[in-house]
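The residues of the chain are indexed from 1 along the displayed sequence.
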Amino acid sequence: MASGYDSHVELSWQANPASNVDAYRLYRSLDGGQSYSFYRSFNANRTSFLDFTRAWGNNLSLGYRISAVSNTGQESPLSDPVLTATFDMTDDELMDMVQAYTFRYFWDFAHPVSGLIRERNTSDETVTMGGTGFGIMAILVGIERGFITYQQGLDRILTMVLFLENADRFHGAYPHWMNGSTGDVIPFSPQDNGGDIVETAFLFEGLLTAREYFTSDDVLENILRDKITQLWETVEWDWYRKLNQPVMYWHWSPNFGYAINFQLRGWNETMIVYLLAAASPTHGVPGSLYQTGWLNDNYANGFNYYGFNLPVGRFLGGPLFFTHYSFIGFDPRYVKDQYTNYFLQNRNQTLINRAYCISNPGGYTGYGDNCWGLTASDNPFGYLAHEPKADRDNGTIAPTAALSSMPYTPVESIAALKHFYRSHGQRLWGDMGFRDAFNETEDWYASSYLAIDQGPIITMIENHRSRLLWNTFMSNTEIHNALAAKGFEPDSTVNRVPVIEESLPWVCVVGPNPVWNEANIQLDFHQAATVNIQLFNAEAKQVAVITQQQHFAPGQHTLQWKVGHLPSGTYYLRIQSDAFVQTLPIQVHQR
């Protein structure tokens, strides 16, 4: 069988039943099946192959034939030809492809006994609670996108829930890892052999979404909802306050108690813990714990980096998984706390992360406007939470960073998707979608897939496309009550942000770039707009105002910009209207 896509063909064949088969030989035609030539060999255990064809051109008509080779070197007759073609895929078709391939990790590679999600593609019995929560939401995406049937999804999630009912729990909280066959805890570290309230929160982010998705008055759906509610109501969120302290703690062990002593204080990926802890109908914590525990003296930021304001968090924002894990279910668009609207926080942190990669202070190979995204992932030297800092940036880009940011930066994330797939697919794309990470400086591409990186890809792309998981999770009435208890208020700010726009209402080209003395800023407005155009240096300081609230009619406009007074270096041109913002990197070279 052969299926053609934008830049590759997926091939699969049935194993030859002969016992003496030693290898397979693949023949390929680039002229629609008129002539074939030997392409490559595979060992006898191989029955599939992804053929990346973009180096040969676009919109190819291809044919494939295969033969079996015995251990004595005798080759069988060629198989009947299979014809297919590659084609230029639209943005929607590319997102369909990425979601469909990524879904395989959560469906085909799920644990065969429990249905729970394995930690990584080399895991055997080890399943992860956070990855399982993401996987449950991925299954809902699979139903909506037609990858599986509604009944298949229901049956699989019910299998997972029935297994979780009898698995190890610690005051209602699940461990980070457990055995997918027995449900026994697998220690994550020497003292982490008990409950992990963060992984439990990610799990229930998925379970509560499933509870709101399966709403029919059907026997199995009623059982599923009841079982999820029972599990939800047994989690002792208040236990993880460590004797009623005004902050949540990550771990508790029956052998070591609270010895790890890790407090949950923001800004990081654990925001969902405080939301669910306040939402619990049986073992809840007061909403004020969000103020005393999560918010802290180092929470507010307020600085501009690369022209983007960062309301909260550390210098340059941190790794991008901060903006993903808690927000797969929690829709941040229309509420705010005393500090910010978290959709805007997440959007700006993403744009800062991208701008840092464009600036590329470490001088790593490949970084640019379409190749960006620093977050936790494998790397050539091990595993690291990569972020925009010298000691946390080693040249490793993880596709999950940009792709899971699709709701916040759709234009930039789609461009990154195309670059990762079309320019790096030969080594980065596999049977379950994008592999975990790559580092061009070290000429390294991961062979790994991680549940916590694959999960946000499929789910956050769906939130960009349909808001499925946002709308479903937010249907839980407990969530709205918890937000109110924590001091969140309704907010309409995001109505002015391009959440789902496929393109900006203008096209901007700056030339020449690099700029020597004077540049032309060419703007083509699709609709009338009033914009500010400013220039920022690499330290995010404004160095020039090119226009201030200038109105432009639809059509083409050219602005002249003199740069003779600026030192050589990287600058950022920011074009902003009430509803849209675009940042372009500019190089200034003085003779």
* To do: Check the angle between the aromatic planes of Phe330 and Phe488 and answer parallel, tilted or perpendicular using the 30° and 60° thresholds.
  => perpendicular
* Asked: Can you list the steps and then say if Tyr339 with Trp267 is a ring pair (Phe, Tyr, Trp, His ring centres under 6.0 Å)?
  -> CA-CA 12 Å; Tyr339 287 98; Trp267 164 252; over 10 Å; no
* Asked: When you check the side-chain N and O atoms of Tyr408 and Asn346, is any donor under 3.5 Å from an acceptor?
  -> yes
* Under 3.5 Å, is there a donor-acceptor pair between the side chain of Asn296 and the main chain of Gly266? -> yes
* Take the angle between the ring planes of Phe202 and Phe134 and call it parallel below 30°, perpendicular above 60°, tilted in between. => tilted
* Asked: Is the backbone of Ile197 close enough, under 3.5 Å, to the side chain of Tyr174 for a donor and an acceptor to pair up by distance?
  -> no
* Mark yes or no for whether Asn309, through its side chain, and Gln345, through its backbone, hold a donor-acceptor pair below 3.5 Å. => no
* Asked: Does any N or O in the side chain of Ser413 come within less than 3.5 Å of the main-chain N or O of Pro410, such that one atom is a donor and the other an acceptor?
  -> no
* Residue pair Tyr274, Val247: steps toward the side chain to side chain contact (heavy atoms under 4.5 Å, CB included) verdict -> CA-CA 9 Å; Tyr274 282 89; Val247 63; 3.4 Å; yes
* Name the orientation class of the two ring planes belonging to Trp252 and Trp239 (parallel below 30°, tilted from 30 to 60°, perpendicular beyond 60°). => perpendicular
* Among Lys242, His251, Gln191, which residue meets the side chain to side chain contact (heavy atoms under 4.5 Å, CB included) test with Tyr258? -> Lys242
* Asked: Is Leu320 close to Gln349 at the side-chain level, that is, under 4.5 Å between some pair of heavy atoms?
  -> yes
* To do: Compare every heavy atom of Ala376 with every heavy atom of Tyr383, then report the nearest pair and how far apart it is.
  => OH-CB, 3.4 Å
* Asked: Hey, does the side chain of Arg54 reach the backbone of Ser7 with a donor-acceptor pair shorter than 3.5 angstrom?
  -> no
* **Cationic N near anionic O, under 4.0 Å, Asp6 to Lys418** => no
* Sidechain-backbone polar pair: Thr132 side chain, Ile117 backbone, donor-acceptor under 3.5 Å -> yes
* Does a donor on one side chain sit under 3.5 Å from an acceptor on the other, for Asn379 and His386? -> yes
* Asked: Salt bridge check: are Asp378 and Arg435 linked by an N-O gap of less than 4.0 Å?
  -> no
* Closest contact, heavy atoms only, Tyr449 versus Phe434 -> CE2-O, 3.2 Å
* Check whether any side-chain N or O of Tyr105 sits under 3.5 Å from a backbone N or O of Arg120 as a donor-acceptor pair, and report yes or no. => yes
* Asked: Parallel, tilted or perpendicular: which describes the rings of Phe438 and His424, with under 30° parallel and over 60° perpendicular?
  -> tilted
* Donor-acceptor contact present, side-chain Thr459 to main-chain Ile328, <3.5 Å -> no
* Test item: Gln454 and Phe106 side chains (from C-beta on) under 4.5 Å apart, heavy atoms -> yes
* Candidate pair Ile358 and Trp372, rule side chain to side chain contact (heavy atoms under 4.5 Å, CB included), full reasoning -> CA-CA 7 Å; Ile358 294 170; Trp372 56 276; 5.9 Å; no
* Would you call the rings of His8 and Trp429 parallel, tilted or perpendicular if under 30° counts as parallel and over 60° as perpendicular? -> tilted
* Structure fact -> Which of Ser405, Pro319, Pro407 passes side chain to side chain contact (heavy atoms under 4.5 Å, CB included) with His324? Answer is Ser405
* Test salt bridge (charged side-chain N to carboxylate O under 4.0 Å, His left out) on Arg314 and Glu387 and set out the steps. => CA-CA 11 Å; Arg314 63 181 70 171; Glu387 62 177 285; 2.7 Å; yes
* Would you call Asp443 and Arg427 a salt bridge, using N to O less than 4.0 angstrom? -> yes
* Asked: Can we say Glu462 and Arg145 salt-bridge, meaning some charged N sits less than 4.0 Å from an Asp/Glu carboxylate O?
  -> yes
* To do: Carefully, step by step, assess Val335 and Glu489 under the rule side chain to side chain contact (heavy atoms under 4.5 Å, CB included).
  => CA-CA 5 Å; Val335 291; Glu489 299 177 347; over 6 Å; no
* **Heavy-atom closest pair, residues Thr350 and Thr323** => OG1-OG1, 4.3 Å
* **Heavy-atom closest pair, residues Leu374 and Pro388** => CD1-N, 3.8 Å
* How about Asn439 and Tyr445: does a side-chain donor come under 3.5 Å of a side-chain acceptor? -> no
* Which of these passes ring-ring contact (aromatic ring centres under 6.0 Å, His included) with Phe188: Trp250, Trp177, Phe262? -> Trp177
* Asked: So, Asn463 side chain and Leu469 main chain: donor-acceptor pair closer than 3.5 Å or not?
  -> yes
* Shortest non-hydrogen contact from Thr128 toward Glu119 -> CB-OE1, 3.2 Å
* Asked: Do Leu208 and Leu276 come within less than 4.5 Å of each other through their side chains, counting heavy atoms only?
  -> yes
* To do: Taking all non-hydrogen atoms of both residues into account, name the closest pair between Thr396 and Pro380 and its distance.
  => OG1-CD, 3.5 Å
* Side-chain contact, heavy-atom cut-off 4.5 Å: Met406 with Ile414? -> yes
* Asked: Do Arg465 and Asp96 sit within salt-bridge range, that is, some charged N less than 4.0 Å from a carboxylate O?
  -> yes
* To do: Flag the pair Met97 / Leu94 as yes when at least one side-chain heavy-atom distance between them is below 4.5 Å, and no otherwise.
  => yes
* Do the ring planes of Tyr364 and Tyr367 sit parallel (below 30°), tilted (30 to 60°) or perpendicular (above 60°)? -> tilted
* **Plane angle bin for Trp294 and Tyr290 - parallel if under 30°, tilted between 30 and 60°, otherwise perpendicular** => parallel
* **Side-chain donor or acceptor of Ser326 paired with backbone N/O of Ile272 under 3.5 Å** => yes
* Could you go step by step and tell me if Met432 and Asn121 meet the side chain to side chain contact (heavy atoms under 4.5 Å, CB included) rule? -> CA-CA 10 Å; Met432 295 184 286; Asn121 61 314; 4.2 Å; yes
* Asked: For the atom pair CD1 (Ile457) and OG1 (Thr102), what is the distance rounded to the nearest 0.5 Å?
  -> 5.0 Å
* Asked: Any side-chain heavy atom of Phe381 sitting closer than 4.5 Å to one from Trp444?
  -> no
